[in-house]
Every structure is written in structure tokens, then in C-alpha cells.
S.K.: 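I am attaching a structure below and will ask some questions about it afterwards.
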Amino acid sequence: MRPRSEYSEPYRIKVVEPIEATTGEEREKIIKKAGYNVFNVPSDKVCIDLLTDSGTSAMSDYQWAGMMVGDESYAGGRNFYNLKETVEEITGFKYVLPTHQGRAAENILTTILVKPGKRVLGNMHFDTTEGHIRLKGGDPVNLVIKEGLETANRHPFKGNIDIERLLSEIHACGSDGISYINITVTCNSNGGQPVSMGNIKEVSKIAKEYSIPVFFDAARFAENAYFIKKREKGYENKSISEIVKEMFSYVDGFTMSAKKDGLVNMGGIFAASDKELFRRAGEWGIIYEGYLTYGGLAGRDLEAMSRGLREVVREDYLEDRIGQVAYLGDCLLDFGVPIIEPTGGHGVYIDAKRFLPEIPQNEFPAQALVVELYIEAGIRAVELGTAAFGYKNEETEEMIYPDLELVRLAIPRRVYTDRHMHMVACALRNIKERKDRIRGLKIVYEAPVLRHFTLEFERL
Ligand code: P71
């Protein structure tokens, strides 16, 4: 194993959590009983859990210390004011509403901005955002650049919005036909790919011209800023904080799942610059989440979030974080495992179509690989392919398959070491050696909505 760089992690470890070992034989039984769906596997039967980077990160001693100074007053607690001050300092937004997680902030935003029958334009809306837009009668439209969907294309900003397509959407339905524009930074759905400052600026300029509000889905804002610093001309000597400030200066507000770059296990934020819009958001916030100064969270959670947001914009932290993701990607490429390149901010995405070309999409190649990875080494990944996004056209009864058939290895922040990453790569190398013997799957149980959480399969 080669170390990833001459530098080491910018932290040392004070508390550890044991990982219980299981045998391959046990895992065969467990995954069969789970209907070949890793969501049904108890987490203590998982060795390395890469299901998600959301809410799974390790808090610092400073964040844990903050939990002890939680002010649990119903209204006006001190931790809310700390959070508000932090958010204003980092993003420039002074109207801040805490929520219990990201989708709750999306619920509020879509409730006030989505007009039935009107479109919401974006690079690629995340599932929960898309769900909320549709629930309010809106029409989510994805306008990511074409390079964003080509897994081997090494474009530096594969999360960018296609400006030509954006303009033709606006010309086709007029600004009245569009509720708002939503830019997801980084773009989760195609590999945690960043959006460039140039693209954010241009989208914002066009939106202003047509009086369309622009919001960020800011779940991974700091990781996006790091890529801008590393890849965009003119930003190499700017600090992460300066880049973050500039990014947020181009939008009218944001929703944020703080479970990612907030470095907390639970929490979210809604923020906006317009006082009237924020007042309306607050009205819904009170009904859905709780009073304005706690939004479904305990005071101690607000303090941890406030401290996490200050830690996440540190460059040494980001260098280590994104470096670890790139390291896993490099190990996999060395072993000849096809992945989305370049690697993004929060995980490595394996291209199952290229890895298991013999298994057709109707036999769930990405899910079959998720199952193999669990059996091989107790590693839990998540399928982002036919199980998650395939559906039947109700009129024609025809199955519609997604373009991308991916297995996501999402990496929790500050949780696993490079040796864990190396073990993941070795497990995939072993699977590659016996991949001709891997069989596809068929569905035996399926729920009507969000089926991938509860699907049950049998091996073919
Ligand atoms: C991820 C998640 C968590 C997740 C959510 C739904 C199904 C499976 C896993 C959540 C996001 C996200 C973006 C860009 C909003 C949310 C919702 N991601 N925007 O990637 O990535 O945030 O979970 O706090 O409600 O595993 P929330």
C-alpha cells in the first residue's frame, strides 16, 4: 500500500468504536435474509459502512464540548444566536432558520416558491428535492452539462449547468413558467461533482435578467469551494472562506443538509436574503419544524452545527478529506476498476455497466455488485442504478432504465483511515478476479414509492 501523500491527517484520534468481524459464510446468510438489500442489514454486521456520508461523520472534541453548553430554552436560546452568527459570517446570509435536516428545509422552500405546473431548473436535483418539487405540483428539470453524464470524461466541473439549455428553457416557457433555479453544490447525483464559480456567476446573471430566484442546495458547499480553489483559474490563492463567501453572494438563499458539510449527525438550515420571503418561510417552519430558534433540533445540536460549519471550511481539513476520496479512486483505478473520473467530493462511484458488462440492466448489475462487496468483506455501499431510478412507464408498461448504473462508496468524514480505504479497494480487486461468476438479481418485493429502500431480491 502506498501512502497518499507525504502529509498526515490534520487530527488525532481520541475515541474509537470497535468494528465486529463477521465471516463470509455469516454474511452470505445475512444478505440472503435481508433480501439482498443492504438497507435491511443491521449496521453491527457491517465492517466498513459506505452507505452514505450523511449524518455519519465524526464530530470533533470542540463540537462535543459544545453539546455540554446547549441552551434548551424554547425560544431565543444562545446556541441559535451562535449558529446565526456563524452562518452570516460564512455565507453572508443573515436570515437563518434551523431545520431538523435538509429535506425539511426543502419542504419549506418548495412550499413557498413552487407554483403548480411550473418548472424548477437545476443541474441535477437530489431525490428529496425532486420529491418535494413534485409534491407541490412543480416540474423539476435537470440541465447538467452533457460531460456530467459521461463517466470517463475528466471535465473539472461536471456539476455545471448547461447555459444554452438553461436559456432555451427560459425562452420556451418564459420567466413566468419557472418557479426558481436550484444549484446543487456539489452535484450528488453524478458523483459529487463540483460547479465552477464561473457557472454559478453566469446562471445568477441570467436569472437576475429574468427575475428568477436562485437557490443553492448547499449540502456540500465546502467541498465545492475546495474544487474551485484547486481547479478554477484565479482562485488558487484565495482562501476557502473567501471562495465560499463569493459562491453564496450569487444566490438568493439556500437549503442545507448540515449532515454533510455541517459535520453533524442531524440538522439542516434554510436561509434567504429577502426579509418578506424569510418571514413566510418562518411561518411554515413553525408548523413543520418548531419555533424559529430551534427548528426541530435541541440547543446542543445547534451548537454542534455552528462549530462544525467553522471546522469544515478549514483548508487542511478539506485537503485531507478530498485527498482520501481521491486516494480510494486511485487505488481502484490501479486495480482496473472503472469509476467516475475525476473523483468528486464525498465518495467514489463505480460504473457497474463497465465493471459487469455481461449482466444486463434488467438484472440489476449495480445491486449485484453491492451484494458481492458485502459478502466479500462486509463493506456496505449503495446502489444508484436501476433499483433506485428504474421505473415502469404506466401507459406502455415498458421499463425505463437510468443512463448511469452506479455503486456509490460514500465516505463519512473523519471516520475511516486510509487503511480502511485500501481494504475496500482490495475487496473490489478480489471481486474483479471472480466477476465472471457473479449472477444478476430479480425483484420479489417492491413498494410503490422510493422502492430501493425496501426492495427484496432473489439471485438468478
Ligand atoms: C445521501 C443523502 C442522504 C440520503 C437521502 C435520501 C436517500 C438516501 C440517502 C441527502 C441530500 C443530498 C442533497 C444534495 C439534500 C439531501 C437531503 N443525501 N440534498 O447522499 O445529498 O438531506 O438527508 O438531511 O434530509 O446519502 P437530508
Side-chain angles (χ1 to χ4, degrees), residues 37-40 43 49-57 97-110 120 122-135 140 142 144 148 158-159 182-195 215-224 253-271 288-289 295-297 301 304-305 308-309 325 340 344-349 366-367 370 380-385 387-389 404 406-413 415 447 449-455:
N37 183 343
V38 287
F39 283 98
N40 295 331
S43 65
D49 203 347
L50 308 183
L51 188 70
T52 179
D53 64 317
S54 179
T56 53
S57 296
L97 190 67
T99 63
H100 82 275
Q101 63 182 89
R103 68 197 72 183
E106 291 165 9
N107 186 24
I108 292 169
L109 177 67
T110 52
V120 179
N123 44 356
M124 284 177 96
H125 302 289
F126 185 67
D127 323 17
T128 53
T129 323
E130 191 170 316
H132 276 299
I133 294 168
R134 285 193 201 284
L135 271 173
N142 292 338
V144 75
K158 288 166 85 169
N182 179 52
I183 312 177
T184 304
V185 289
T186 58
C187 186
N188 186 1
S189 309
N190 69 343
Q193 298 293 325
V195 182
F215 278 72
F216 272 149
D217 175 340
R220 301 178 179 88
F221 72 98
E223 291 172 3
N224 199 89
F254 66 87
T255 58
M256 183 192 293
S257 166
K259 299 170 71 171
K260 286 83 171 171
D261 278 351
L263 294 174
V264 287
N265 304 116
M266 195 52 69
I269 298 172
F270 172 91
Y288 290 138
E289 295 296 284
L297 296 167
D301 296 330
M305 202 199 298
L309 287 168
V325 174
I340 291 189
H346 63 290
V348 178
Y349 293 54
Q367 183 64 20
V370 167
R380 177 156 67 175
V382 76
E383 197 257 20
L384 297 174
F389 305 121
L404 299 176
L406 305 170
V407 172
R408 182 181 76 171
L409 306 165
I411 306 179
R413 296 163 182 80
V415 171
V449 281
L450 287 176
R451 65 173 187 172
H452 55 291
F453 291 109
T454 53
L455 273 177

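All ligand and atom numbering here is 1-based and tracks the order in the structure. Note that the numbering runs from 1 along the sequence shown for the chain.
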S.K.: Counting heavy atoms only, which of G131, S257, A219 comes nearest to atom 22 (O) of ligand 1?
M.R.: S257
S.K.: Nearest to atom 13 (C) of ligand 1 by heavy atom, V382, D217, N107: which?
M.R.: D217
S.K.: Suppose I only count heavy atoms of K259 and a 4.0 Å limit; which atoms of ligand 1 are within that range?
M.R.: 24 (O)
S.K.: In the protein, which heavy atom is nearest to atom 17 (C) of ligand 1, and how far is it?
M.R.: T128 OG1, 3.5 Å
S.K.: Is the closest N or O pair between T129 and ligand 1 shorter than 3.5 Å?
M.R.: no
S.K.: Give the atoms of ligand 1, by number and element, whose distance to some non-hydrogen atom of T52 is under 4.0 Å.
M.R.: 1 (C), 26 (O)
S.K.: Quick one: does N190's side chain have a donor or acceptor within less than 3.5 Å of a partner on K158's backbone?
M.R.: yes
S.K.: Whether D49 and R380 form a salt bridge (side-chain N of Lys/Arg under 4.0 Å from carboxylate O of Asp/Glu) is what I want to check.
M.R.: yes
S.K.: Would you mind running through ligand 1 and noting each atom that sits below 4.0 Å from a heavy atom of R220?
M.R.: 1 (C), 12 (C), 14 (C), 20 (O), 21 (O)
S.K.: Examine the side chains of E106 and T129 and answer whether a donor and an acceptor come within less than 3.5 Å of each other.
M.R.: yes
S.K.: What residue and heavy atom of the protein are closest to atom 12 (C) of ligand 1, and at what distance?
M.R.: F126 CD2, 3.5 Å
S.K.: Looking only at side-chain N and O atoms, does E383 offer a donor or acceptor that is under 3.5 Å from a partner on H452?
M.R.: no
S.K.: Donor-acceptor check, side chain of E289 to backbone of H100, threshold 3.5 angstrom: yes or no?
M.R.: yes
S.K.: Measure up the F453 and F39 rings against each other and bin them: parallel (under 30°), tilted (30 to 60°), perpendicular (over 60°).
M.R.: perpendicular
S.K.: Side-chain donor-acceptor pair under 3.5 Å between H125 and D217, yes or no?
M.R.: no
S.K.: Under 3.5 Å, N or O to N or O, is R103 touching ligand 1 that way?
M.R.: yes
S.K.: Salt bridge check: are K259 and D53 linked by an N-O gap of less than 4.0 Å?
M.R.: no
S.K.: Could you list the atoms of ligand 1 found under 4.0 angstrom from a heavy atom of G102?
M.R.: 22 (O), 24 (O), 25 (O), 27 (P)
S.K.: Starting from atom 27 (P) of ligand 1, which protein heavy atom do you reach first, and at what distance in Å?
M.R.: Q101 NE2, 3.3 Å
S.K.: At under 4.0 Å between heavy atoms, which part of T184 makes contact with ligand 1: side chain, backbone, both or neither?
M.R.: side chain
S.K.: Is there at least one pair of N or O atoms, one from F453 and one from ligand 1, spaced under 3.5 Å apart?
M.R.: no
S.K.: Taking C-beta and beyond as the side chain, do H346 and N188 meet within less than 4.5 Å on heavy atoms?
M.R.: yes
S.K.: K260: heavy atom below 4.0 Å from ligand 1, yes or no?
M.R.: yes
S.K.: Return the minimal non-hydrogen interatomic distance between T184 and V195, and the atom names on each side.
M.R.: O-CG2, 3.7 Å
S.K.: Any nitrogen or oxygen of R408 lying under 3.5 Å from a nitrogen or oxygen in ligand 1? Just yes or no.
M.R.: yes
S.K.: Mind checking whether E106 has a heavy atom under 4.0 Å from ligand 1?
M.R.: yes
